Protein chains: 2
Amino acid sequence: MPQAPDHKEPSGNTDGRLARGEATKDRVLDAAERCFAAHGFAAVTIRQIAREAEVTLGVVSFHGGSKELLFGTVLARRTATLNALRTDALNALQGRGGITIRDLVDAYLTPYLEIASRGDPQWRAYAQLIARIVSDDQYYMQVRDLYDPVARDYIAEIRRIHPNASAKAVATVLTLTVASMLSIVASRVRIAGLSGEPASESALDYRSTLVDFCTGGIEQALAAH
Amino acid sequence: MPQAPDHKEPSGNTDGRLARGEATKDRVLDAAERCFAAHGFAAVTIRQIAREAEVTLGVVSFHGGSKELLFGTVLARRTATLNALRTDALNALQGRGGITIRDLVDAYLTPYLEIASRGDPQWRAYAQLIARIVSDDQYYMQVRDLYDPVARDYIAEIRRIHPNASAKAVATVLTLTVASMLSIVASRVRIAGLSGEPASESALDYRSTLVDFCTGGIEQALAAH
DNA sequence: AAACTATCTGAACGTCCGTATAAAAAGTCA
DNA sequence: TGACTTTTTATACGGACGTTCAGATAGTTT
């Protein structure tokens, strides 16, 4: 995984220049996140990102390094936060007993849906970016290692509920759950077109249908074995 | 929808040049299909396509027109065949009575899975291309109109089984079904990583799990209403 | 104040892009 | 054969790309 260049240690420093530099770097990363989410890696130019961030061309390279490096930084930036939300939700479930598949699905999906809907538009862009790259092995490998450990925790819980299900079947249904979740964020246009109604503002409006779908899907797929 | 340039009517003609030209055009389209599937529209260059098709640069433009045109042609080329397979499968179901959700799911998914697994590697590339662009509204709109009519036929059948489900809910579960199907084709790497086993050669190996998942998901999501 | 460092600017570099086109080659038909 | 059409080649063009860098600017430290 590539890393963005750290010209100087920013934390615990009183130098005002470093604080300003960090702020500029955030603007660049935010702009890059929006651009990559909207158009994909190859279609985005450094000049677009610079314009979007309202900085000059050289600044993007100064704070973001090469284009590949910048992309990797954008991908990795938010994984810790998202993982923490999912781990917290899982821990909360484990505190009490009688966990159901529905509980697990809800705990896994809700942080992402809330992030993609309510929160910061930057988080929304990130959610779209993940939805975009998930169908591209070459790029998806860059986030896979970051999300897999938490996914494994959820898999372990699913296997406690369905001890006889094969490892592959459990991995498959979790992947299908993630794919369903991402598709809600990424392609609400199609739902709108098929139903004849306008697309909802928030992905959370689809939460109950999505959770029902994934819950029923997992239970059906793992019940046979 | 853009169209590729037709320099001359090829059908019913005895001119050997036109036949040869059509063959070259197919080679160009096949190469473009593979390239776009592997890397996406923006990341592919005309020169790459030319190299892949083993023709010179100008030939790509001559047979494919502009890059956008070429992309549109590749997208549209196989829709009729796939739609026919799905419509045939649906008609076969309608011939006999007692259609279940599972029947519909199986009828809708199987042609795609077979195409993506067994058939022509070109069809496999096409399947990956669709999986790629489905998360990009800008490109997906180009095939949406081609696939939606058949999707509507399936929606009508689902609504006959679940008359009380809302239009939005039915459209949502069909979209989730498609997303699940595409993710099996596009991102089998992740399943392999999570399950610890190597990825299967054929997407058909996941068929039963996928069909179970989508069937259970649809029934669960539509049962509540 | 001067010395120093981090940040930013503006311009330039070589490369590759999509597209166009003139001319050659190949094939058809009279 | 020679006139004609379709296909292919080879080359060129203007532009946009990612990256680099010397120098200007601004903020900190001594």
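Every chain is numbered from 1, with letters handed out A, B, ... down the list of sequences. In this text the structure is predicted, and so the values were computed from the model without any measurement. What you see below is based on every heavy atom in this structure, not just the backbone, and it leaves out hydrogens, waters and symmetry mates.
- The separation between A/D26 atom CG and C/dT7 atom P is 12 Å, rounded to whole Å.
- In this structure A/D205 satisfies the salt bridge (Lys or Arg N to Asp or Glu O under 4.0 Å) test with no other residue, sequence neighbours excluded.
- Looking only at side-chain heavy atoms (C-beta outward), B/L176 and A/I184 come within less than 4.5 Å of each other.
- Side-chain N/O atoms of B/H63 include none lying less than 4.0 angstrom from OP1 or OP2 on D/dT6.
- Contacts classified as side-chain hydrogen bond (donor to acceptor under 3.5 Å, both in side chains) and involving residues 30-50 of chain A (residues at least two apart or in different chains) are given here: A/D30-A/R77, A/E33-A/R77, A/E33-A/R78, A/E33-A/Q122, A/R34-A/E52, A/R34-A/Q122.
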*At under 4.0 Å between heavy atoms, which parts of nucleotides 13-19 of chain D does protein reach? Answer with one letter per nucleotide, 5' to 3': B base, S sugar-phosphate only, - none.*
----BBB
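- We find that CD1 of B/I49 is positioned 10 Å from P of C/dT19, with the value rounded to whole Å.
- With contacts defined as side-chain heavy-atom distances shorter than 4.5 Å, the pair A/V178/A/L182 qualifies.
- The nearest whole Å value for the distance from the NZ atom in B/K25 to the P atom in D/dT6 is 14 Å.
- Interface residues of residues 31-39 of chain A facing DNA chain C, ordered by number: none; criterion, heavy-atom separation under 4.0 Å.
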Anything under 3.5 Å between a donor and an acceptor, one on a side chain of residues 85-92 of chain B, the other on a protein residue two or more places apart or in another chain? List them.
unit_1	atom_1	unit_2	atom_2	d
B/R86	NE	B/Y108	O	3.2
B/T87	OG1	B/N83	O	2.9
B/N91	ND2	B/T87	O	3.4

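- In the displayed structure, B/E54 atom CD is contacted under 6.0 Å by at most 12 heavy atoms of other residues, nucleotides or ligands.
- Looking only at distances, no side-chain donor or acceptor of A/K67 sits under 3.5 Å from a matching main-chain atom of A/S61.
- At whole-Å resolution of the value, CZ in B/F62 and P in D/dT6 are 8 Å apart.
- In this view, A/F36 and A/F41, A/F71 satisfy the ring pair (Phe, Tyr, Trp, His ring centres under 6.0 Å) rule, not counting sequence neighbours.
- Rounding to whole angstrom units, CG of residue B/L70 and P of C/dT19 are separated by 10 Å.
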